Protein chains: 2
Amino acid sequence: MEDTLRRKYELRAELFKALAHPMRLHLLELLRDRTWCVCELAAAAGIDKSVASKHLSQLKAVGLIADERRGTLVEYRLEAPCVLEMAACAEAAAARSLRERLGGAEALA
Amino acid sequence: MEDTLRRKYELRAELFKALAHPMRLHLLELLRDRTWCVCELAAAAGIDKSVASKHLSQLKAVGLIADERRGTLVEYRLEAPCVLEMAACAEAAAARSLRERLGGAEALA
DNA sequence: CCTCATTGTTGCAATGTTTCGAAACAATGT
DNA sequence: ACATTGTTTCGAAACATTGCAACAATGAGG
């Protein structure tokens, strides 16, 4: 029972860890509306294709996205739509907390 | 505009990073129903008070929890309820993806 | 007022993890 | 064969986590 609980939190943490990088959030956002191949994503995000590939494989490892080979390309698509709502909720919470922390004055449109 | 976007993803990532540790998820779950002082949390989670304090300060830094001094104790309480829904969604997504990854056979009650 | 016990936080050093870019490698289609 | 696209490997740098010890803050009792 204790082990089950620990495992539960480990699984959750793995998923959050996959989301815990600005570039991966950017890639997820790009994948919101359509599938993209790695080279498109790398170009759009302004990073090396090897870096993009690694970020994508992390997202895939926790089931947030899926890939499919199409000829010489590998197309990625969003698997878990709820992650975008989570991201929005996260953003709202972060903005709110930041406003409170900084006294409500600046930043955060 | 580009900067704004980057900042947005950085803020989101900071929040997910705070959630990306099993112990912090455990602490959040403990805080679900009532306030706890640091020593209670440390005892319940089986960790050193200094470690608990550091985890809690990370959660507080992104606005997920808040603290209040009561005498010699410092009580923490959950600030962002939506984080628990997020955690549940995360767990479901992780469980689903794990099932798919492992072929549906084992684990995950 | 002063000392003491209790509770939290911070500094530090050791250990482990993550990220990055370049280069090597693999897979596919022409 | 060759060009294109993705993935893996490697080392270096940055970052995160831990436990202990030192420190700070609060309240109780003499």
Side-chain angles (χ1 to χ4, degrees), chain A residues 6 9-28 30-31 34-79 101, chain B residues 6 9-28 30-31 34-79 101:
Chain A
R6 177 162 42 252
Y9 294 133
E10 278 168 6
L11 279 176
R12 283 190 188 179
E14 268 186 48
L15 197 121
F16 285 126
K17 216 178 297 182
L19 293 168
H21 193 290
M23 184 53 70
R24 288 196 286 276
L25 296 175
H26 189 177
L27 295 173
L28 281 173
L30 290 172
L31 290 168
R34 64 171 179 91
T35 68
W36 294 59
C37 68
V38 178
C39 62
E40 279 178 314
L41 289 167
I47 56 177
D48 191 89
K49 62 183 177 162
S50 77
V51 174
S53 176
K54 273 175 277 197
H55 282 310
L56 291 166
S57 94
Q58 284 177 81
L59 292 170
K60 178 181 153 192
V62 295
L64 289 175
I65 62 178
D67 62 343
E68 189 178 355
R69 184 138 221 149
R70 294 178 67 81
T72 164
L73 306 179
V74 173
E75 306 243 314
Y76 279 91
R77 72 175 180 303
L78 193 60
E79 270 292 87
R101 255 191 293 163
Chain B
R6 176 162 43 249
Y9 293 133
E10 277 167 7
L11 279 177
R12 283 190 188 179
E14 266 187 49
L15 197 121
F16 284 126
K17 216 178 296 182
L19 294 168
H21 194 288
M23 184 53 70
R24 287 195 288 274
L25 296 175
H26 189 177
L27 295 173
L28 282 173
L30 290 171
L31 290 169
R34 64 171 178 91
T35 67
W36 295 59
C37 68
V38 178
C39 62
E40 278 179 314
L41 289 168
I47 56 178
D48 192 90
K49 62 183 177 161
S50 77
V51 174
S53 176
K54 272 176 268 202
H55 281 310
L56 292 166
S57 93
Q58 283 178 82
L59 293 170
K60 179 182 153 190
V62 296
L64 289 175
I65 62 178
D67 61 344
E68 189 177 355
R69 182 136 222 152
R70 294 178 67 81
T72 164
L73 307 179
V74 173
E75 306 244 312
Y76 278 91
R77 67 171 150 35
L78 193 59
E79 270 294 85
R101 255 190 294 163

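These values consider heavy atoms only, across backbone and side chains, with no hydrogens, waters or symmetry-generated copies. Below, chain A is the first sequence line, B the second, and so on; all start at residue 1. All of these numbers come straight from a predicted model, not from anything done at the bench.
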Would you indicate which nucleotide in dT18(D), dG21(C), dG8(C) comes nearest to any side-chain atom of His55(B)? dT18(D)

Just wondering, do Asp67(A) and Leu56(A) contact through their side chains at under 4.5 Å, heavy atoms? no

Any chance CZ of Arg34(B) has more than 12 other-residue heavy atoms, nucleotides or ligands included, within less than 6.0 Å? yes

Distance in angstrom units between Lys60(A) NZ and dT7(D) P, rounded: 7 Å

Relative to the 5' end of DNA chain C, which residue comes earlier, Arg69(A) or Leu73(B), by the nucleotide with the nearest heavy atom? Leu73(B)

Verify the contact: side-chain N or O of His21(B) to OP1 or OP2 of dG16(C), cut-off strictly under 4.0 Å; return yes or no. no

Side chain of Ser53(A): nearest nucleotide among dG21(C), dT7(D), dG8(C)? dT7(D)

Answer whether the closest heavy-atom distance between the side chains of Leu27(B) and Ile65(B) falls below 4.5 Å. no

Check the distance between dT7(C)'s P and Leu41(B)'s CG and give it to me in whole angstrom. 13 Å

Which of these nucleotides, dC20(C), dG6(D), dT9(C), is closest to any side-chain atom of Val38(A)? dG6(D)

So, OP1 or OP2 of dT4(D): does either fall under 4.0 Å of a side-chain N or O from Thr72(A)? no

5'-most contact on DNA chain C: Gln58(A) or Ser50(A), nearest heavy atom basis? Gln58(A)

Which one, dG8(C), dG6(D), dC20(D), comes nearest to the side chain of Asp48(B)? dC20(D)

Can you check the Leu19(B) CG to dA16(D) C1' distance for me, whole Å? 16 Å

In whole angstrom, what separates Lys17(A)'s NZ from dC15(D)'s C1'? 13 Å

Would you please classify the geometry between the Phe16(A) ring and the Phe16(B) ring as parallel, tilted or perpendicular, with 30° and 60° separating the classes? parallel

Classify the nucleic acid contact of Arg70(B) as base, sugar-phosphate or nothing, counting any heavy atom under 4.0 Å across all strands shown. nothing

Hey, is the side chain of Lys54(B) pairing donor to acceptor with the base of dG19(D) inside 3.5 Å? yes

Side-chain heavy-atom pair Val74(A), Arg69(A) within 4.5 angstrom cut-off: yes

May I ask you to verify if any side-chain N or O of Tyr76(A) is less than 4.0 angstrom from the OP1 or OP2 atom of dT5(D)? no

